[in-house]
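Chain A is the first sequence line, chain B the second, and so forth, proteins listed ahead of strands; every chain is numbered from 1. Since we're looking at a predicted model, the values are computed, not measured. Just so it is clear, the values below take in all heavy atoms, side chains as well, and ignore hydrogens, waters and symmetry mates.
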Amino acid sequence: MQEFLLPAIKTAMQAAAITTEKPVQLEKPADKKNGDYSTNIALLLSKECRRNPKDLAAELIERMTFPEGTVEKITVAGPGFINFYLEPSFIMQSVEHVLVEGKGYGSSCTGKGRNAIVEYVSANPTGPLTIGRGRGGVLGDCIANLLETQGYAVTREYYFNDAGRQMQILGESVRYRYLERCGKGGKFPDTHYQGDYIRDIAETLFAEHGSALVDSTDLGVFKDSAEAIIFSSIRKTLERIDIRHDSFFNEHTLYTVRENGKSANDEVLELLNSKGFIGRYDGATWFLTTKLGQEKDKVLVKSSGEPSYRLPDIAYHLDKYRRKFDLIVNVFGADHIDEYPDVVEALRILGHDTSKMRVAINQFVTTTVNGETVKMSTRKGNADLLDELIDDVGADATRLFFIMRGKDSHLNFDIELAKKQSKDNPVFYLQYAHARICSLLRMAAEETGFKPDGTGRHLMQELTSEPEVQLGFALLDYPEMIRSAVRLLEPQKMVEYLHSIAELYHKFYQECPILKAEPEICTARLFLSLATRQVLQNGFRILGISAPESM
RNA sequence: GUGCCCGUAGCUCAAUGGAUAGAGCAUCAGCCUUCUAAGCUGAGGGUUACUGGUUCGAGUCCAGUCGGGCAUACCA
C-alpha cells in the first residue's frame with residue numbers, strides 16, 4: 001500500500017541534496033487527522049542539516065511527485081511531520097487485492113523452503129493439564145500458525161519425560177490409592193500426588209485386576225497405566241482446543257546408549273569437554289559457566305551418576321540443530337527463565353548459530369476466585385484444570401483469553417468472571433461481526449442474486465464515506481500486522497487488530513445501509529463486507545477460533 | 001542479595017521514541033414497525049508508582065528508589 005511513498009521521499013531528498021545515514025520511517029498516525037501515513041524525517045534531519053524542520057519538510061514536499069490518483073494531499077504538521085493523505089478511491093481500489101488473494105491474503109513466502117520447529121506444552125505425564133500450561137500451549141500453536149503463513153514448513157513438537165523421579169512418585173501415588181481401594185491403605189504421604197485423578201486411575205486398575213496387584217512389588221504396572229491414562233487425557237484436552245503436535249520427543253531416548261556405545265548425553269559431555277567447559281569436583285560433573293562470567297557452575301551429572309535436567313536439555317537442542325531446522329522456537333513458562341541461557345551458551349560453544357533459536361517466554365497465569373489469588377500446584381491437587389475451563393467457557397474463549405494479553409504480562413484469570421462471561425466474552429464481538437456478514441450475504445443472494453464471483457468488484461472505488469474508507473484502509477494493514485506478529489512472536493497483536501476490524505465493520509454496518517442502497521452502491525458494499533469477512537476468517541484461522549456463520 | 005518480567009482509568013489490559021495516552025468490563029444517558037441490539041452513539045473516570053537524566057519529542061530509552069511476580073537445587 002505505502003510502498004510507493006518511500007522511494008518518492010528518497011528521490012525528494014536527493015533532489016534537495018540531502019545525504020544521511022538515517023533511515024526514512026513511515027508510520028500510521030493514531031489520529032486520522034494526521035494523515036494516512038506520516039514521516040518524521042525532517043525532524044530527524046534538522047540537526048545535521050542545521051535547518052528548521054518545518055522549512056525542510058516544506059522543501060521536501062515541493063520536490064515529491066506521485067502517480068496520478070494516489071495521493072490527495074501532503075501537509076507539514078506539528079513540529080515538522082510530513083503527513084500523506086491518500087485518495088479514497090485509491091484505497092478502495094486496493095481492497096480488491098484482499099478478494100483476489102482470498103485465503104492467501106496476508107501470507108508471504110519469506111519462509112519458503114525453510115524448516116521451523118516450535119516446541120510447546122511439553123508437560124510431563126504426571127497429571128492433567130493446568131490452566132497455566134494452556135497459555136503456553138495456545139501461544140505455541142498460534143506462533144506455529146503464524147510461521148506457516150510465512151511459508152515455513154513447521155514441525156510442532158512436544159518434549160516429555162516418562163522416566164525419572166517424578167514418574168516414580170506418580171507410580172507410588174497410584175499404588176497408595178489402589179491399596180486404599182482394596183482396603184489395605186496406610187497413610188497417604190504429603191509428598192505425593194493428591195489429585196482426584198490418581199484415585200480414578202487406581203479405580204481403573206481395580207476394575208481390571210481386582211485385588212490381584214496388592215502384593216505386587218513391581219511399581220511398573222502402576223506407573224505405566226498412570227502414564228498411559230494421563231497422557232491420553234492430556235492429548236484429549238489439547239485436541240479440544242485444537243492443539244495437535246506432529247512429533248513427540250521422549251527425553252528418555254537421550255539416555256539410551258546407541259551403536260557407537262554412547263548416549264546423546266555422553267556425546268554432549270564429550271563435546272563440551274573438548275572445548276574445555278567440563279569440570280569434575282564434589283563428586284559431580286559441571287558445566288563451567290563461571291568461565292562465561294556467570295556466578296556459579298551448573299551441574300550436568302550429579303554425584304549419584306544421574307544427569308541433571310540440564311544435560312538432556314542441551315542434548316535435545318543439539319538434536320534439533322542436527323535435524324537441520326532453520327528456525328527453532330521454544331515456548332516456555334517463566335519458571336524456565338534461568339535455564340535456557342545455559343542451553344544457548346552450550347550450543348554457541350559447540351559452534352552452532354544461536355540466532356536461529358528464539359525463546360518465547362510467557363509469564364504465569366494467576367487464577368483468582370472471589371478476588372483471592374489461588375496458588376496452584378499439581379502435587380497438591382489444587383491446580384485449576386484446563387479441561388474444566390474449557391467446559392466452562394468453551395474452546396474459542398479459552399484460546400482467545402490466553403493470547404489476548406501480551407506474553408510478558410502476568411495473566412490474571414478470574415475463574416468466576418470467565419464462567420459468567422459466556423455472553424460478555426470478547427470472543428463474541430469478533431465472531432458476531434463474522435456472523436453478521438454471513439447473514440447479510442445470504443440475504444443478498446436471495447434478494448438481489450448477488451454472487452461473490454468478482455463481477456462488479458471494481459465498484460468499491462465508488463465508496464467514499466468515512467466508515468467505508470476507514471474499514472477498507474484497515475483491511476490493507478493485515479499483511480503488515482502478521483509480519484509484525486511473527487517478528488515479535490506475539491499473536492496478541494492479531495487479537496487487537498481483529499478487534500479493530502470488527503469495530504470498524506460494526507460502525508460501517510450501522511451507518512451505511514447495504515441492501516437498501518442503490519444497486520451499484522449495494523454491490524460495492526457487499527464486496528467490502530466480503531473482503532472484511534475474508535480478513536476475519538484468515539485471522540481466526542491463525543488464532544484457532546471458529547468462524548460461525550450465524551449466532 | 002543477584003538475574004529476568006511487570007507497575008498505565010474503579011477492574012482487566014493496549015499504545016514500532018511521536019501529535020489530545022486508548023479499548024473492554026463496570027457506572028450513567030440515548031438509538032430497534034427498517035440488512036442479526038452479542039450492535040451503535042455519547043458522558044464521566046489519568047500527576048502512566050516515584051526521582052533524576054538522554055532529545056526537537058519519553059508511558060516507552062538510561063540511572064536510582066519503592067511495590068508485585070518468577071527464578072536463583074547435585075527437582076524437571
Describe the nucleic acid contact of A:Glu306 in one word from base, sugar-phosphate, nothing, applying a heavy-atom distance below 4.0 Å.
-> nothing

Per A:Tyr432 side chain, nearest of listed nucleotides B:A38, B:G3, B:C74 | B:A38

Aromatic ring centroids of A:Phe249 and A:Tyr316 under 6.0 Å?
-> yes

For A:Ile361 and A:Ala334, the nearest pair of non-hydrogen atoms, with its separation, is CG2-CA, 3.8 Å

Would one find more than 12 heavy atoms of other residues, nucleotides or ligands at under 6.0 Å from atom CD of A:Glu480?
-> yes

Atom pairs, protein N/O to nucleotides 53-57 of chain B N/O, distance under 3.5 Å:
| unit_1 | atom_1 | unit_2 | atom_2 | d |
| --- | --- | --- | --- | --- |
| B:C56 | OP1 | A:Lys47 | NZ | 3.2 |
| B:C56 | OP2 | A:Lys47 | NZ | 3.2 |

In whole Å, what separates the C1' atom of B:G10 from that of B:C28?
-> 15 Å

Between A:Tyr159 and A:Tyr120, does the ring centroid distance fall short of 6.0 Å?
-> no

Whenever both distances are under 3.5 Å in a Watson-Crick or G-U wobble pair, mark it; put RNA chain B into dot-bracket that way, with [ ] for crossing pairs and | when the partner is on another strand.
-> (((((((..((((....[...)))).(((((.......))))).....(((((..]....))))))))))))....

Using only heavy-atom distances, determine whether the side chains of A:Asn161 and A:Tyr309 contain a donor-acceptor pair under 3.5 Å.
-> no

Taking only side-chain nitrogens and oxygens of A:Ser409, does any of them come within less than 4.0 Å of OP1 or OP2 of B:A14?
-> yes

To the nearest Å, give me how far apart CD1 (A:Ile437) and P (B:A38) are.
-> 16 Å

Looking at A:Tyr429 versus A:Tyr432, is the centre-to-centre ring distance below 6.0 Å?
-> no

Donor-acceptor pair under 3.5 Å: do we get one between A:Ser303's side chain and the base of B:C74?
-> yes

Minimum-distance nucleotide to A:His410 side chain [options: B:G69, B:C74, B:G18] | B:G69

Taking only the side-chain heavy atoms of A:Asn161 (C-beta and beyond), determine which of B:A76, B:G18, B:U2 contains the nearest atom.
-> B:A76

Is any side-chain N of the basic residue among A:Lys28 and A:Asp36 closer than 4.0 Å to the acidic one's carboxylate O?
-> no

To the nearest Å, give me how far apart OH (A:Tyr158) and P (B:A76) are.
-> 17 Å

Report the glycosidic orientation of B:C66: syn if within 90° of 0, anti in every other case.
-> anti

B:A76 base to A:Tyr309 side chain: any donor-acceptor pair below 3.5 Å?
-> yes

How would you label the contact of A:Met551 with the nucleic acid (heavy atoms, under 4.0 Å): base, sugar-phosphate, or nothing?
-> base

Enumerate the protein-to-nucleotides 40-43 of chain B contacts in which both atoms are nitrogen or oxygen and the separation is below 3.5 Å.
| unit_1 | atom_1 | unit_2 | atom_2 | d |
| --- | --- | --- | --- | --- |
| B:C40 | OP1 | A:Tyr429 | OH | 2.5 |
| B:C40 | O4' | A:Gln510 | OE1 | 3.3 |
| B:U41 | OP1 | A:Lys507 | NZ | 3.1 |

Mark yes or no for a side-chain to base donor-acceptor pair under 3.5 Å between A:Ser38 and B:A19, with no hydrogen or angle criteria applied.
-> yes

Given A:Arg358, A:His317, A:Glu157, A:His336, the one that forms side-chain hydrogen bond (donor to acceptor under 3.5 Å, both in side chains) with A:Asn330 | A:His317

Assign the ring pair A:Tyr497 / A:Tyr478 to parallel, tilted or perpendicular, where the plane angle (0 to 90°) is split at 30° and 60°.
-> tilted

Protein-nucleotide distance (A:His336, atom NE2; B:C75, atom P), rounded to Å | 15 Å

Is it the case that A:His506 and A:Arg436 place a side-chain donor and acceptor less than 3.5 Å from each other?
-> yes

Between A:Lys33 and A:Gln25, name the one whose nearest nucleotide on RNA chain B is closer to the 5' end.
-> A:Gln25

Closest to the A:Ile337 side chain: B:G3, B:G69, B:A15?
-> B:G3

Looking only at side-chain atoms of A:His499, point me to the closest of B:A71, B:A23, B:C5.
-> B:A23

With a non-hydrogen cut-off below 4.0 angstrom, is A:Glu446 in contact with a base, only sugar-phosphate, or nothing?
-> nothing

When you get a sec, tell me which of B:G18, B:C5, B:U36 is the closest nucleotide to the side chain of A:Asp408?
-> B:C5

Side chain of A:Ser439 (C-beta onward), nearest among B:U36, B:C74, B:G18 | B:U36

Counting any heavy atom closer than 4.0 Å, what does A:Lys54 reach on the DNA or RNA strands: base, sugar-phosphate only, or nothing?
-> nothing

Provide, to the nearest angstrom, the distance between the CG atom belonging to A:Leu411 and the P atom belonging to B:G7.
-> 14 Å

Under 4.0 angstrom, heavy atoms only, what part of the nucleic acid is A:Arg165 near: base, sugar-phosphate, or nothing?
-> nothing

I would like to know whether A:Arg51 and A:Glu59 meet salt bridge (Lys or Arg N to Asp or Glu O under 4.0 Å); could you show each step before the answer?
-> CA-CA 11 Å; A:Arg51 291 185 57 182; A:Glu59 182 183 345; 2.7 Å; yes

Starting at the 5' end of RNA chain B, which residue's closest nucleotide do you reach first, A:Thr39 or A:Ser550?
-> A:Thr39

Any A:Thr39 side-chain heavy atom under 4.5 Å of A:Phe81 side chain = no

Could you tell me if the ring centre of A:Phe160 sits under 6.0 Å from that of A:Phe231?
-> yes

Check for a donor-acceptor pair, side chain of A:Ser173 on one end and backbone N or O of A:Tyr193 on the other, with a separation under 3.5 Å.
-> yes

How far does the C1' atom of B:U27 sit from the matching atom of B:C11, given to the nearest Å?
-> 12 Å

